There are 2 protein chains.
Amino acid sequence: MSRKTFQRLSLDDRRRSLMEATLTCVARHGLHGATVRRITEEAGVTVGLVRHYFGNKDDMIRNAYAYLVGQLTAQASESAKHTVAAPETQLARFLRANMTAPNMSEEKVSLWATFIGRVRHDADFAEIHRDGYREFLNVLETLIEPVLINHQRPHSIAACKRHAIALNGLIDGLWMEGALNSGLYGQDILPDLVIEASERLLGIPSGVLANAQPSQQPQSEVS
Amino acid sequence: MSRKTFQRLSLDDRRRSLMEATLTCVARHGLHGATVRRITEEAGVTVGLVRHYFGNKDDMIRNAYAYLVGQLTAQASESAKHTVAAPETQLARFLRANMTAPNMSEEKVSLWATFIGRVRHDADFAEIHRDGYREFLNVLETLIEPVLINHQRPHSIAACKRHAIALNGLIDGLWMEGALNSGLYGQDILPDLVIEASERLLGIPSGVLANAQPSQQPQSEVS
DNA sequence: TCATTTATTATACAATCGATTAATTACAAA
DNA sequence: TTTGTAATTAATCGATTGTATAATAAATGA
C-alpha cells in the first residue's frame, strides 16, 4: 500500500554509494553475478536509479572500476608524498604497505583481477588501467631515485624507470598471490621478503631498507 | 525440415572441444558474456551437450579453468624438464619463455585474471589455482637450486623456496602488465629485464644468466 | 543387413536479465 | 504554508539466460 520512504542524496553521494555497492557485488558474486538488482539492493535503492545516474549498467561498472583504481593509486601516492622521512624509510614504508592490510586484501585483489579481464576489449577499461599503472610507476620512480643517489648507484631516468618496472612487477605479483593466500606459505613473510628482494634489485647494501627507521626521525645517531 | 548433420566424438574429444570453446568465449566476451549458447555455437554443437558432458554450465567452466591452468603449468614444466643444458641456460630459457609469446599473451593473461576473481568464493577454483601455483613454485625451485650451488650461494631448501616466491612474484607481475601492454614501454625489453633482475635477486654475478648459451651445448670452451 | 545404443539435435520452459516509463514524494525555494 | 522541481519508486517490457525433455540419427556389433 505504502511506498518505500527514501532520502534524496546529492549527486556525488548517490553516485559514490552506487559505485561502492557495485564493487561490493562484483567482489562477492563476480562480474556475471553483479546484477543491477543486486547492486541497487545493496545500495538500498531501486533499479531505476542506475539509468538516472549512469545511463546504463555498463557505464556504472566502468565508473566503479575507475573509482577502485583511484582508491588503489591514491593510497599508494599518499604513503609516498608529504612525508619528511629519509628516502630509505619512505620506500620501505611503501613496500611494507603493499604487503599488509588494508592494501593487500583478498577483496581488492579479486576486484582488480576481475576487471583486468575486460581491459582487452573495452577501451575505457584499458585507459583506466593504463592511467593507474602509470601513476604507480611514477610513485615508484620518485621513491627509488633518491635511494639510488644516496648509495652511489646509477640513477639516470632510464635506470630509475627500469627499476620501477621490475619493482612494480615484484610488488604486483606478490600482492596478488599473497592476498589469495593459497596456504603454501604465510602472508606474514611477505613484508620482509619484498624489502630484501628490493634491496637486491636496486643493488643497495643489505639492511638499508630493512633497518630504515619506521618512525619519523630521518636516521639520527646511527652509531 | 532436415536436422543438422553431426559427428559422434569420443568423450575426451568432445569435452576438450567444449572446454576450449569455453576459454575462447571467456577470453573474447568475459565471464558474463560466455553464455551456453555462445560457447556451444563456438564448439559447433547445440546447447544440450553441456548437460550431457558436464551436468551444468558452472561445472563446464570449472573444468575449463583446470584445463587452462594445466596448459600454463605444463608448458612451464616442459621447458624445465628433460633438457640437458647447463642450469644457468635452463633457468634463463625458462625466464625468457615467460616473457615472450606464446606464454606471454594477452589472451592468456585475460583468462587467468578473469578466473582469479572466482578463487575467493569457489572452493574448486581455489584448489585449481593452488595446485597450479604450487607446481610453478616447484619448477622454479628445481631450476634455482643448481644455479645457486654453481655460484656458491646459500642454497638451503628454505632459501630456494624464498627465492622461488620472489622470482615467481616478479614473473607473474611482469607477465601480466607486460601482456596487457599499456604502451608505457615496449614488451621487447622484458626478457632482458627479467633476466637481469633475476641475477640480482639470486645474488649471482651479472651476465651469468644473460650470457647463458641459448643452444644445446652445456657451456663448453668458455674462454 | 538389422537391431541396439547413446551421442546429439531441437524445442520448450520458467527465471532473470537490463532497460524503460509513469506515478510518486522528498526537499528547497518562495 | 504553498509551490515547483527532480530524485526516487514501482511496475512493466521484450530479450536472454540456464536447464530440462523428447525426438532423432550416427556409430557399433551381431
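Worth saying up front: this structure is predicted, and the values here are computed from it rather than measured. Sequence lines set the chain letters: A, B, ... in the order given, protein chains first and strands last, and positions in each chain run from 1.
For the pair Arg14(A) CZ and dA6(D) P, the interatomic distance rounds to 17 Å; values are reported in whole Å. Ile61(B) places its CD1 atom 13 Å from the P atom of dT17(D), with the value rounded to the nearest Å. Rounded to a whole Å, the CG atom of Leu49(A) is 11 Å from the P atom of dA10(D). Taking atom NZ on Lys4(B) and atom C1' on dA7(C), their separation rounds to 13 Å, with Å as the unit. One interatomic measurement links the two molecules: CG of Leu31(B) to P of dG18(D), which rounds to 11 Å at whole-angstrom precision. Leu9(A) places its CG atom 14 Å from the C1' atom of dT9(D), with the value rounded to the nearest Å. Between the CZ atom of Arg38(B) and the C1' atom of dG18(D) there is a distance of 15 Å, given to the nearest Å. Nucleotide dT16(D) holds its P atom 13 Å from the CD atom of Glu41(B), rounded to whole Å.
Annotation: of the two residues near DNA chain D, Thr5(A) and Arg37(A), the 5′-most nearest-nucleotide partner is Thr5(A). Closest-nucleotide positions on DNA chain D for Arg51(B) and Arg8(B) were compared, and the one nearer the 5' end corresponds to Arg51(B). Nearest-nucleotide positions on DNA chain C place Thr46(B) closer to the 5' end than the other of Thr46(B) and Gly48(A).
If you check the side chains of Ser77(A) and Glu135(A), you find a donor sitting under 3.5 Å from an acceptor.
In the set dT25(C), dA27(D), dT19(D), dT19(D) carries the atom at the smallest distance from any side-chain atom of Asn56(B). Residue Thr35(A) places its side chain closer to dC17(C) than to any other of dT8(D), dA19(C), dC17(C). Here dG18(C) is the nucleotide among dA11(D), dG18(C), dA6(D) with the atom lying nearest to any side-chain atom of Val36(A). Of all nucleotides listed (dG18(D), dA7(C), dA7(D)), dA7(C) comes nearest to the side chain of Tyr53(B). Listed nucleotides dT9(C), dG18(C), dT9(D) differ in distance to Val45(A); the shortest reach to its side chain belongs to dT9(D).
Here Leu11(A) lies out of heavy-atom contact (under 4.0 Å) with every strand.
Under the 30°/60° scheme for interplanar angles, the aromatic rings of Phe125(B) and Tyr65(B) are found to lie parallel. Relative ring orientation between Tyr133(B) and Tyr185(A) is described as perpendicular, the plane-to-plane angle rising above 60° on a 0-90° scale split at 30° and 60°.
Each of Glu20(B), Arg16(B), Arg15(B) was checked for a side-chain hydrogen bond (donor to acceptor under 3.5 Å, both in side chains) with Tyr67(B), and the lone residue meeting it is Glu20(B).
Side-chain atoms of Arg3(B) and base atoms of dA23(D) include a donor and an acceptor less than 3.5 Å apart.
Dense packing is recorded around CD of Gln75(B), with more than 12 heavy atoms of other residues, nucleotides or ligands lying under 6.0 Å away.
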